[in-house]
Amino acid sequence: MAKKGYPLGIDIGGSGIKGAPVDLDKGEFAQSRLKIATPQPATPEAVAHVVDQIVDEFEKATGGSPIGVTVPAVVIRGTVLSAANIDPSWINTDAEALIKEHTGRSVTVLNDADAAGIAELHYGAAKGEHGLVIVTTLGTGIGSALIHDGRLVPNSELGHLEIDGHDAEDRAASSVKDREGLSWDEWIERLQRYYETIEMLFSPDLIVVGGGVSRDSDKFLPKLRLRAPIVPAELRNKAGIIGAAHRAVDLAS
């Protein structure tokens with residue numbers, strides 16, 4: 001174990017709040033993750049209480065190390081500024097200050113897709129890539145992370161691009177596939193429209209696709225017709241926790 005303890009990554013989601021100590025040398029969990037159901041309503045105070053439980057659970061492994069926390073929202077200097085996939089009471093909440101007050105630890109709060117992008121950059125499908133890499137997460141919504149020459153450009157929110165008069169994630173998120181009962185081919189048609197728009201606007205050198213549906217990437221990624229390579233994420237549901245811990249240590253140093 002690291003002399004001062006492993007950093008702790010915590011991923012706040014709509015159904016569960018997950019956390020684990022992270023070995024940054026290996027890009028792996030240092031212990032099995034803990035998952036606690038997200039309280040309803042998921043107000044900042046209620047969620048901070050659950051975060052505190054996770055911090056206490058891993059106290060021996062983490063010591064006084066930094067904590068990285070993801071939220072599905074725009075985050076600027078620790079303050080949450082959007083609520084497309086999070087309780088509206090989070091808007092304008094200084095999440096870093098709130099969680100620091102609860103835990104007494106150094107805290108970094110960031111967008112969940114940005115955390116996944118950081119993890120893929122250092123340990124996964126985007127490692128060693130130059131130019132512009134766009135990491136997307138297909139889930140309840142569509143998250144995105146822009147990485148240019150190894151540096152994150154935060155809060156891109158490319159799931160909210162308006163395409164053909166619709167918010168992109170309202171048509172192409174994996175949750176929509178399930179909710180509308182779309183076949184793979186029907187969903188692929190929507191993904192094609194989404195990713196060709198991304199390519200037209202940003203001309204990326206690589207597109208990385210994460211989220212739970214990436215485990216079935218062989219069913220849809222080979223059928224997308226794009227100039228840029230499009231590949232599945234490697235860290236999948238571990239990416240948010242690992243990326244959050246990495247960012248917390250990076251900003252604390």
Is the shortest side-chain heavy-atom distance between [X] and [Y] below 4.5 Å?
| X | Y | answer |
| --- | --- | --- |
| Glu120 | Leu235 | yes |
| Glu28 | Lys238 | no |
| Ile99 | Val69 | yes |
| Ser65 | Thr62 | yes |
| Val176 | Arg171 | no |
| Gln31 | Tyr6 | no |
| Thr137 | Asp112 | no |
| Leu138 | Leu191 | yes |

What heavy-atom pair brings [X] and [Y] nearest, and what distance separates the two atoms?
| X | Y | result |
| --- | --- | --- |
| Lys223 | Asp185 | NZ-OD1, 3.5 Å |
| Pro232 | Ala125 | O-CB, 3.7 Å |
| His130 | Asp149 | C-OD1, 3.8 Å |
| Ala168 | Ile163 | CB-CD1, 4.0 Å |
| Arg33 | Asn237 | NH1-ND2, 4.1 Å |
| Asn155 | Ala73 | OD1-O, 4.2 Å |

Side-chain donor or acceptor of [X] paired with backbone N/O of [Y] under 3.5 Å:
| X | Y | answer |
| --- | --- | --- |
| Ser175 | Thr140 | yes |
| Thr103 | Asp52 | no |
| Glu57 | Leu34 | no |
| Glu169 | Gly141 | no |
| Asp205 | Leu132 | yes |

| query | More than 12 heavy atoms of other residues, nucleotides or ligands under 6.0 Å from CD of Glu59: is that the case? | reply | no
| query | Within a reach of under 6.0 Å around CZ of Arg179, are more than 12 heavy atoms found that belong to other residues, nucleotides or ligands? | reply | yes
Name the atoms and distances for all side-chain donor-acceptor pairs under 3.5 Å in residues 207-220, with sequence neighbours left out.
| from | atom 1 | to | atom 2 | distance (Å) |
| --- | --- | --- | --- | --- |
| Ser214 | OG | Gly211 | O | 2.7 |
| Arg215 | NH1 | Gly212 | O | 3.2 |
| Ser217 | OG | Ser214 | O | 3.3 |

Report whether [X] and [Y] are members of the same hydrophobic cluster (ILVMFWY, side-chain heavy atoms less than 4.5 Å apart, transitive linking).
| X | Y | result |
| --- | --- | --- |
| Leu110 | Val47 | no |
| Leu121 | Ile134 | no |
| Leu206 | Leu221 | no |
| Tyr195 | Val133 | no |

Can [X] and [Y] be counted as having a side-chain donor-acceptor contact under 3.5 angstrom?
| X | Y | answer |
| --- | --- | --- |
| Tyr194 | Thr136 | no |
| Arg227 | Ser203 | no |
| His160 | Asp167 | yes |

| request: Using the test salt bridge (charged side-chain N to carboxylate O under 4.0 Å, His left out), find all partners of Arg236 that sit at least two apart in sequence or belong to another chain. | output: none
[X] side, atom [atom1]; [Y] side, atom [atom2] - distance, nearest 0.5 Å:
| X | Y | atom1 | atom2 | answer |
| --- | --- | --- | --- | --- |
| Arg151 | Ile118 | CZ | CD1 | 12.0 Å |
| Ser106 | Leu251 | OG | CG | 8.5 Å |
| Arg77 | Thr108 | CZ | OG1 | 14.0 Å |
| Ile188 | Lys177 | CD1 | NZ | 9.0 Å |
| Ile86 | Thr43 | CD1 | OG1 | 10.5 Å |
| Ser156 | Asp114 | OG | CG | 6.0 Å |

| Set of ring-ring contact (aromatic ring centres under 6.0 Å, His included) partners for His122, sequence neighbours left out | His246
Check: residues 91-98 side-chain donor-acceptor pairs under 3.5 Å, at least two apart:
| from | atom 1 | to | atom 2 | distance (Å) |
| --- | --- | --- | --- | --- |
| Thr93 | OG1 | Ser89 | O | 3.3 |
| Thr93 | OG1 | Trp90 | O | 3.1 |
| Asp94 | OD1 | Glu96 | N | 3.4 |
| Asp94 | OD1 | Ala97 | N | 3.0 |
| Glu96 | OE2 | Val109 | N | 3.1 |

| request: Using a strict cut-off of less than 4.0 Å between a Lys/Arg side-chain nitrogen and an Asp/Glu carboxylate oxygen, indicate whether Arg190 and Glu180 qualify as a salt bridge. | output: yes
| query | Does the side-chain contact (heavy atoms from CB on, under 4.5 Å) test come out yes or no for Leu161 and Leu201, once each step is laid out? | reply | CA-CA 11 Å; Leu161 285 174; Leu201 293 173; 4.1 Å; yes
| query | Which hydrophobic side chains are connected to Ile76, either touching it within the sub-4.5 Å cutoff or through other members that do? | reply | Val74, Leu81
| task | Determine, step by step, whether Ile36 and Ile54 satisfy the side-chain contact (heavy atoms from CB on, under 4.5 Å) criterion, reporting the C-alpha distance in whole Å, the side-chain angles of both residues, the deciding distance to 0.1 Å, and the verdict. | result | CA-CA 8 Å; Ile36 299 175; Ile54 295 174; 3.9 Å; yes
Quick one: side chains of residues 10-27, donor-acceptor pairs under 3.5 Å with protein atoms, not counting sequence neighbours, listed by atom name and distance.
| from | atom 1 | to | atom 2 | distance (Å) |
| --- | --- | --- | --- | --- |
| Asp11 | OD1 | Thr70 | OG1 | 2.4 |
| Asp23 | OD1 | Asp25 | N | 3.0 |
| Asp23 | OD1 | Lys26 | N | 3.4 |

